[in-house]
Amino acid sequence: MKKRIEVNQAAEENGLGTWDGLESALAGAIFNAAVDAIMVINARGILQAANRSAEGLFGFSSDEMLGKNISMLMPAPYAQEHDGYLNNYSASGERKIIGIGREVTGQRKDGSCFPMHLSIGEFRQDDHQLFVGICHDISERRKFTEHIAFLAKYDGLTGCANRHEFIEGLSTIIDACQTSGQKVAVLFIDLDGFKSINDNHGHQVGDRLLKMTAERFQKTLRDSDLLGRVGGDEFVVSIILDSGETASHIAARLMESLKEPFVINNRALSVGASIGISLFPDDGLTADEVMNEADIAMYQAKVEGGGCIRLFDQALRERSEQVYRLLSRLRKAISLDQFELHYQLQFDMKTLQPCGMEALLRWRDGANGLVPPNKFIPVALEYGLMPTIGRWVIRQACKDNMMLIEAGLLDVTVAVNICAQLFSETGFCALVNQMLVSTGLPPQRLELEITEDVAMNSSVQILQTSDELHKAGIRLAMDDFGVGFSSLNRLKELRFDKLKIDRSFVSDLIENRSDQAIVQAILGMAKGLSMRTVAEGVETEEQLAFLREAGCSQGQGFWFARPMPLPELIEWLRERR
């Protein structure tokens, strides 16, 4: 009491009035400045006070609320519950919500309802029992929570079940079918051509196409069928086969739904599908097993060129296991440094002297010896190992070529084939420059080969990388020219120094007039674009004579020299000199 008197005296001396006056003014300021809605009601639920935030939250003015029952701010069921609670509390003193925060539903003046968090306290004034309620709108928090809960089960883009939810749903279906004796089909779908659309038209267009694809699939399927999206362009479907219709018929209908082009931003875009099918209980007894086997069958459909349907069988499982064993060995090969480079020389068609060489990747797998490139490179590409291997190839080729130059054995350009994933990486040119600096190889003595599918990618990164390489003095060649679909404008934009004529046109060159016409056309075009040309796979005197006469700049193949590991190449060069 003494302290309270001293505070009052100090306040009066400073012209601030008594502490009681300050306390009242402070409470009023806090009441009106609070972001949360604050309301005071009496024991009968009649509103005694409401702050500005309460007016904004509920849409009523203080004059419209004061003197009215608080239930005017609640939907009917909650209003009745609240009145019942007040009556019970007055009669028994039993507390249920006082001092405990809870989520309730509020109702605005316009009749709209919203979720809010409410906490209630009790106090007395002049022997009157009063309650203060503090509440705030939690609509955004509720939406966020619901969105998180949705994403835990469903794909945010298409609304399809995600992988976890699909497997859960498939497990439930399998459990039911074990009792009923029905079969369940799982269809694993990969879209053909989607990556090209995504790369060439951007991710926004790709996302819209995926969403529209899911909508078409959903319209094709029954309500009882489960559709999921489990990867970038991968969908899965589970179907209870309760009629005479087979899984292949349903897969064919899904493929048919994709035949009409998707119109996005006034562009007609088309995709196809590769579909793998597995059955419960024929191919597996659990959701994971059946899913995995459908995936294996889909992969086989992709290997066969896409656009087809493949049923799982035991032979596919064995092939899949072989791939995974090879993949495991490949990963070990990277860590154990089991790769080596062989070099195939390129020769000037006029002088028949070496004018370049191509670095060819080889894998010496311990006791298994050399593994053919066509066995492991597709697997390395499929599972994303090729960029790591490609970086090693560039560095080793630069190092080997610099050694040959310094030894006075050969001073030519070394060509290295670059995969799409590595060439598209941000900072690729900086990586190559760093390797040139560390090995000492001059930029003009390195040539990077890319295939037509990389060149036709219209992404800004591809153009930027090409421009940076050109400025750095590093040469760029298009490998296997003629087997894809090249744009002449693209050849000019990417500033190619050389075109390599694919061996498929050279092998039948003498007997096939069409191949002769194609080769002559390529050579004429390259000359007009000031590009050098290299014919791959030159194996006979007749092929050499035709190419020389037609104006081909360079050639490589068994007629000149076979690919050689570095020690053998060194010996060959010494003997020739």
Given 3.5 Å as the limit, does a donor-acceptor pair link the side chain of Lys219 with the main chain of Glu215, or not? no
Name of the residue among Val132, Ile134, Ile120, Leu73 meeting side chain to side chain contact (heavy atoms under 4.5 Å, CB included) with Met39: Leu73
Do Ile264 and Met212 make a side-chain contact, defined as non-hydrogen atoms from C-beta onward lying under 4.5 Å apart? yes
Whether over 12 other heavy atoms sit under 6.0 Å from Arg329 CZ: yes
Do Arg229's NZ or CZ and the ring of Phe217 fall within the cation-pi criteria of under 6.0 Å and 45°? no
Run Leu385 and Leu327 through side-chain contact (heavy atoms from CB on, under 4.5 Å) and show every step you take. CA-CA 9 Å; Leu385 300 181; Leu327 181 62; 3.7 Å; yes
All heavy atoms of Ala297 vs all of Phe312, minimum pair found to be CB-N, 3.8 Å
Under a 3.5 Å distance rule, please check whether Glu165 uses its side chain to pair with a backbone N or O of Asn162 as donor and acceptor. no
Could you check whether any side-chain heavy atom of Met116 comes within less than 4.5 Å of a side-chain heavy atom of Cys135, counting everything from C-beta outward? yes
Given side chains that start at C-beta, do those of Pro261 and Leu269 come closer than 4.5 Å, heavy atoms only? no
Here the pair of heavy atoms bringing Phe114 nearest to Ser139 is CB-OG, 3.8 Å
Can you find a heavy atom in the side chain of Leu241 that is under 4.5 Å from one in the side chain of Ile250? yes
Separation of Thr246 OG1 from Ile277 CD1 (nearest 0.5 Å): 7.5 Å
Please report the closest heavy-atom contact between Ala214 and Phe235, naming both atoms and the distance. CB-CE2, 4.0 Å
Quick one: do Ser248 and Leu311 satisfy side-chain contact (heavy atoms from CB on, under 4.5 Å)? Show the steps, please. CA-CA 8 Å; Ser248 295; Leu311 297 172; 3.9 Å; yes
Just wondering, more than 12 heavy atoms not from Gln434 lying within 6.0 Å of its CD? yes
NZ (Lys195) and CD1 (Ile197) are apart, to the nearest 0.5 Å, by 12.0 Å
For the residue pair Phe423 and Phe428, does the interplanar ring angle fall in the parallel (under 30°), tilted (30 to 60°) or perpendicular (over 60°) class? tilted
When you look at Ile275 and Met298, which way does the side-chain contact (heavy atoms from CB on, under 4.5 Å) test go after all the steps? CA-CA 5 Å; Ile275 303 180; Met298 181 278 294; over 6 Å; no
Below 4.0 angstrom, N of the basic side chain to O of the carboxylate: do Arg108 and Asp137 qualify? yes
Give a yes or no on whether the backbone of Glu293 and the side-chain of Ser278 come within a donor-acceptor separation of less than 3.5 Å. no
Do Val205 and Asn265 come close enough that some side-chain heavy atom pair is under 4.5 Å? yes
Considering only heavy atoms from C-beta outward, does the side chain of Leu221 approach that of Leu254 to under 4.5 Å? yes
Check whether Glu168 reaches the backbone of His164 with its side chain - one donor and one acceptor, N or O, closer than 3.5 Å. no
Heavy-atom nearest pair, Glu468 first then Cys429, reads OE1-CB, 3.3 Å
Under a 4.5 Å cut-off applied to non-hydrogen side-chain atoms, are Ile394 and Leu422 in contact? yes
Counting only N and O atoms by type, is there a donor-acceptor contact under 3.5 Å from the side chain of Ser257 to the main-chain atoms of Arg216? no
Give every donor-acceptor pair under 3.5 Å between a side-chain atom in residues 176-192 and any protein atom, sequence neighbours left out.
residue: Ser180; atom: OG; partner: Gln182; partner atom: N; Å: 3.4
residue: Ser180; atom: OG; partner: Gln182; partner atom: OE1; Å: 3.0
residue: Lys183; atom: NZ; partner: Asp282; partner atom: OD1; Å: 3.4
residue: Lys183; atom: NZ; partner: Asp282; partner atom: OD2; Å: 2.9
residue: Asp190; atom: OD1; partner: Lys302; partner atom: NZ; Å: 2.7
residue: Asp192; atom: OD1; partner: Ser274; partner atom: OG; Å: 2.8
residue: Asp192; atom: OD1; partner: Lys302; partner atom: NZ; Å: 2.8
residue: Asp192; atom: OD2; partner: Ala273; partner atom: N; Å: 3.4
residue: Asp192; atom: OD2; partner: Ser274; partner atom: OG; Å: 3.1
residue: Asp192; atom: OD2; partner: Gly307; partner atom: N; Å: 2.7

Euclidean distance, Gln129 CD relative to Ile41 CD1, rounded to 0.5 Å: 9.5 Å
So, Lys109 and Glu55, do they make that salt bridge, N to O below 4.0 Å? no
Quick one: do Arg267 and His201 satisfy side-chain contact (heavy atoms from CB on, under 4.5 Å)? Show the steps, please. CA-CA 10 Å; Arg267 294 191 185 103; His201 300 284; 3.6 Å; yes
Value for CD1 (Ile173) from CG (Leu170), rounded to nearest 0.5 Å, stands at 6.0 Å
Salt bridge present between Lys471 and Asp467 (N-O < 4.0 angstrom): yes
To the nearest 0.5 Å, what is the distance between CD1 on Ile174 and CD on Glu289? 9.0 Å
Of the non-hydrogen atoms in Leu279 and Ala247, which two are nearest, and what is the gap between them? CD2-CB, 4.4 Å
Checking Ser335 side chain against Lys332 main chain: does a donor-acceptor pair fall under 3.5 Å? yes
In terms of heavy-atom contacts, Gly232 and Leu210 come closest through O-CD1, 3.3 Å
In Å, rounded to the nearest 0.5 Å, how long is the span from NZ of Lys68 to CG of Asp63? 9.5 Å
Cut-off 3.5 Å, side chains only: do Thr172 and Asp175 have a donor facing an acceptor? no
Taking the side chain from Ser438 and the backbone from Met435, do they hold a donor-acceptor pair closer than 3.5 Å? yes
Leu47 vs Asn69 side-chain heavy atoms within contact, under 4.5 Å: no
Has the side chain of Gln48 got a donor or acceptor atom that lies under 3.5 Å from a matching backbone atom of Ile46? yes
Given side-chain hydrogen bond (donor to acceptor under 3.5 Å, both in side chains), test Ser112 with Gln107 step by step and report yes or no. CA-CA 6 Å; Ser112 62; Gln107 181 172 282; over 6 Å; no
